[in-house]
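Whatever order the structure lists them in is the order used to number ligands and atoms, beginning at 1. Just so you know, these numbers come straight off a predicted model, no measurement behind them.
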Amino acid sequence: MIAPPDAAPASRHPVLEVIGVTKAFHGVPALRGVDLVLEHGEVHGVVGQNGAGKSTLMKILTGVYARDAGVIRIDGQEAELDSPLAARDRGIGMVFQEFSLIPTLTVAQNVFLTREPRANRFFLDDAAAERRTSELLNDLGVTIDPRTPVERLPVGARQLVEIAKALAKEPRILILDEPTASLTTRETETLFAVIERLKARGLSLIYISHHLQDLLRISDRVTVLRDGQRVLASSVAETTLAEVIRAMLGSALETRTARNRVIDRTAQPLLEVRDLVARGHDAAISFAVWPGEVVGIAGLLGSGRSEIIRAIYGIDPPRRGEIIVRGRPVAIRTTADALHLGMALVPEDRRSQGLVLDHTVRDN
Ligand code: ADP
Ligand code: MG
């Protein structure tokens, strides 16, 4: 239902071949002769540090940028991909990292929005759109009511709608750029199940992520880019996380991993949390944060990570416990109290909790 069945038996050629693709911006090379081979029905992980050229390559594949040199073949035939429409016609679809959904429209309206001519932004046959959207979502194994306004959906569900929207264009190659960036562990699992289904149906996927463990779990093969060049291409079964990291970092590995930042823990902590019991929990937690320090809080879903932060930040005042800022016990009852004490929170769902989207950048 999702992938149009191949008219001919799967060709001997890879579904996509990128050969020696080059691209420079104002004379500065972003891609320097990159090769990439995508086989039918595989998930192909693409990794690299920021600036390695991943997005530039994907924008070339989706017809957003024109390449300076190199060849792209689809099923063994040269493809121009000189516009987004041309890329779409050749069966290349993209799930955007920054969500492209319109919050006030329903799921179905969003899924079919971009299929409509520009002059007419509204789908005339809502019922048909809803039926087709239901089919797409059912195929993905998820239950989301197509009539729900997107703004009422959690982030994970929005990501799935984003995928349904890409699938409505019936791609054969689907590119996912950092799809798990704002998902919870559980939502990521759902996404991975969806990817497995798409793969089983013969779709080929390119998966970009900084979460290397996730990427190696879901991918069949991996390509590593560094400074606009392919430095590793391997089947995941024949490589290791360490090899991938080494390829990404190159000779910078030793200096990168040697942390020579020293935290002076004899000084006064900036923040101390003593025997704090967050709302809905029983266990008390204590920890301290010193200047210049990054403290990670890890735990399974439901273990209370977010609740601790909500308690400290005055969103849900704690049941018990003490919070000490720069040596002084403080009472944080509202987020305004937390702000006055010099704390800032970047929340889990930055779209809905972090920003007031209809206010200006400055106000935010
Ligand atoms: P990645 O997605 O791997 O982080 P990018 O493809 O975004 O890397 O960037 C590769 C290089 O190309 C970087 O040096 C970046 O600064 C440059 N670059 C990307 N897009 C543009 C652009 N539109 N104009 C100028 N330079 C760009
Ligand atoms: Mg990028």
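- Considering only heavy atoms from C-beta on, Val224 comes within 4.5 Å of Val244 through its side chain.
- Here the closest non-hydrogen pair linking Arg226 and Gly250 is NH1-CA, 3.2 Å.
- Shown here for Gly292 and Ile263, the closest heavy-atom pair between the two residues is O-CD1, 3.3 Å.
- Ligand 1 is never approached by Met58 to a heavy-atom distance shorter than 4.0 Å.
- Atom CD of Glu135 and atom CD of Glu130 lie 12.5 Å apart (nearest 0.5 Å).
- When only non-hydrogen protein atoms are considered, atom 6 (O) of ligand 1 lies nearest to Thr56 OG1, 2.5 Å.
- From the protein, the heavy atom lying nearest to atom 15 (C) of ligand 1 is Gly51 CA, 5.0 Å.
- For the pair Thr56 and Leu31, the tightest heavy-atom approach, listed with the atom from each and the gap, is CG2-CD1, 3.9 Å.
- Of the protein's non-hydrogen atoms, Tyr65 OH, 3.1 Å is the one closest to atom 23 (N) of ligand 1.
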Show me, pair by pair, the donor-acceptor contacts under 3.5 angstrom made by side chains of residues 274-284, not counting sequence neighbours?
{"unit_1": "Arg274", "atom_1": "NE", "unit_2": "Glu272", "atom_2": "OE2", "d": "3.4"}
{"unit_1": "Arg274", "atom_1": "NH2", "unit_2": "Glu272", "atom_2": "OE2", "d": "3.2"}
{"unit_1": "Asp275", "atom_1": "OD1", "unit_2": "Ser286", "atom_2": "OG", "d": "3.4"}
{"unit_1": "Arg279", "atom_1": "NH1", "unit_2": "Asp316", "atom_2": "OD1", "d": "3.3"}
{"unit_1": "Asp282", "atom_1": "OD1", "unit_2": "Arg319", "atom_2": "NH1", "d": "3.3"}

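- Interface atoms of ligand 1 facing Asn50, defined by a heavy-atom separation under 4.0 Å, are 4 (O).
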Side-chain donor-acceptor pairs under 3.5 Å in residues 205-214, sequence neighbours left out?
{"unit_1": "Ser209", "atom_1": "OG", "unit_2": "His211", "atom_2": "N", "d": "2.9"}
{"unit_1": "His210", "atom_1": "ND1", "unit_2": "Glu178", "atom_2": "OE2", "d": "2.4"}

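- Lys54 places no side-chain N or O within donor-acceptor distance of the main-chain N or O of Val47, the cut-off being under 3.5 Å.
- Looking only at heavy atoms of the protein, atom 12 (O) of ligand 1 is closest to Ala30 CB, 3.2 Å.
- For Ser55, the nearest N, O or S atom to the Mg ion (ligand 2) falls under 2.8 Å.
- Inclusion of Leu57 in the set of residues having an N or O under 3.5 Å from an N or O of ligand 1 is not warranted.
- Heavy atoms of Gly53 approach ligand 1 to within less than 4.0 angstrom.
- Of all atoms in ligand 1, numbered sequentially from 1 with element shown, those under 4.0 Å from a heavy atom of Gln49 are 3 (O).
- At a 3.5 angstrom cut-off on N or O pairs, Ser55 counts as close to ligand 1.
- Taking 4.5 Å as the limit, every side-chain heavy atom of Lys199 sits out of range of all side-chain heavy atoms of Ser204.
- Shortest contact from atom 27 (C) of ligand 1 to any protein heavy atom: Phe25 CD1, 3.2 Å.
- Between Ala52 and ligand 1, at least one N/O pair is under 3.5 Å apart.
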